[in-house]
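Sequence positions, counted from 1, serve as the residue numbers for this chain.
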Amino acid sequence: KFNNDQIVKPMKSIEKKQAPMWFTILGIIALVWNFLGVGAYLIHVYMTDEMISGLPQAQIDIIYNTPVWVNGAFALAVWCGLLGSICMLFKKKISVYLFQISFAGIFIQNIHSFFMIDAVGAFGLVQGLIMPCIVMFFAIVLILVNTTAKKSHWIR
């Protein structure tokens with residue numbers, strides 16, 4: 001016979017805690033930021049030959065010689081970033097993984113930009129170096145914040 005002390009009671013599920021207001025504000029900023037990234041991607045993908053012909057020759061050469069894996073990484077980065085932002089606002093822990101995948105796409109793009117082409121020479125210091133570094137920094141911040149949110153049970 002068992003008495004009540006011997007019966008193992010199931011653990012209560014961990015309660016979701018209220019996320020601080022700054023988390024929601026950051027989620028809105030991330031959503032806007034990633035919509036801008038999606039916009040940049042769509043402009044890149046749907047750029048017509050007429051639009052391309054108006055660019056400097058160095059940029060034209062890069063556009064026509066960019067490997068498909070770089071464009072794939074770009075797509076992965078922006079779409080996973082956008083989905084991660086939406087999940088962040090809905091307090092879903094999958095946001096952590098989506099932001100990690102997005103960062104991987106950004107990282108792959110930057111390997112191409114920093115080591116395989118002269119991005120600074122073609123696009124200038126801001127677009128060729130500073131902006132990609134800002135994008136990477138913000139992606140890392142989103143990963144760290146969402147990882148903390150997951151551990152703090154702000155997201156489920």
(message) Applying side chain to side chain contact (heavy atoms under 4.5 Å, CB included) to K91 and T24, what does each step give before you reach the verdict?
(response) CA-CA 9 Å; K91 311 283 192 293; T24 302; 3.4 Å; yes
(message) Run the side chain to side chain contact (heavy atoms under 4.5 Å, CB included) test on W33 and I134 for me, step by step, so that the C-alpha distance in whole Å, both residues' side-chain angles and the decisive distance to 0.1 Å come before the verdict.
(response) CA-CA 11 Å; W33 174 262; I134 291 170; 3.9 Å; yes
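Contact of the W154 side chain with the P20 side chain is registered, since non-hydrogen atoms from C-beta on lie closer than 4.5 Å. Using a 4.5 Å heavy-atom threshold, the side chains of I155 and M88 count as separate. Side-chain contact check for K150 versus N146: every heavy-atom pair is 4.5 Å or farther apart. Under the 4.5 Å side-chain criterion, counting only non-hydrogen atoms from C-beta, F114 is in contact with C133. Counting heavy atoms from C-beta on, the side chains of I62 and D118 never come closer than 4.5 Å. Here the side chains of L31 and I86 are in contact, with some heavy-atom distance below 4.5 Å.
Clustering ILVMFWY residues whenever any of their side-chain heavy atoms sit less than 4.5 angstrom apart, transitively, puts L142 in the very cluster that holds M136. In the hydrophobic clustering of this structure, F138 does not group with L36; members are Ile, Leu, Val, Met, Phe, Trp, Tyr whose side-chain heavy atoms approach within less than 4.5 Å, directly or through other members. Under the 4.5 Å side-chain contact rule for hydrophobic residues, I111 and V68 do not share a cluster. Hydrophobic cluster membership differs between I25 and V32, with clusters built from Ile, Leu, Val, Met, Phe, Trp and Tyr side chains linked at under 4.5 angstrom.
Distance check, rounded to the nearest 0.5 Å: CG of D61 to OG1 of T66 gives 10.0 Å. Annotation: the span from I94 atom CD1 to F99 atom CZ amounts to 11.5 Å, rounded to 0.5 Å. With rounding to the nearest 0.5 Å, the separation of CD1 in I117 from CG in N65 is 10.0 Å. Here the straight-line distance linking atom CG of L98 with atom CZ of F103 works out to 15.5 Å at 0.5 Å rounding. From W22, atom CH2 reaches atom CD1 of I29 across 11.0 Å, with rounding to the nearest 0.5 Å. Of the inter-residue distances, the one linking F123 atom CZ with I130 atom CD1 reads 15.0 Å to the nearest 0.5 angstrom.
Minimum heavy-atom separation, G37 to V78: O-CG1, 3.4 Å. Across all non-hydrogen atoms, the minimal contact from S113 to A119 is O-CB, 3.5 Å. Looking at every heavy atom in both residues, S102 comes nearest to A77 through OG-O, 2.6 Å. Shown here for A149 and F23, the closest heavy-atom pair between the two residues is CB-CE1, 3.5 Å. Heavy-atom minimum distance, Y41 versus W79: CE2-NE1, 3.6 Å. Scanning all heavy atoms of the two residues, the minimum distance from G84 to S95 falls at O-CB, 3.5 Å.
I52 forms part of a hydrophobic cluster together with I43, M47, M51, L55, I60, I63, Y64, judged by ILVMFWY side-chain heavy-atom separations under 4.5 Å.
At distances below 3.5 Å, at least one donor-acceptor pair connects side-chain atoms of Q59 with backbone N or O atoms of A122.
Classification of the H44-F74 ring pair by plane angle, with boundaries at 30° and 60°, yields tilted.
Exactly one of V135, I140, L76 qualifies for a side-chain contact (heavy atoms from CB on, under 4.5 Å) with I106. That residue is V135.
Heavy-atom contacts from other residues, nucleotides or ligands closer than 6.0 Å to CD of E50 number 12 or fewer.
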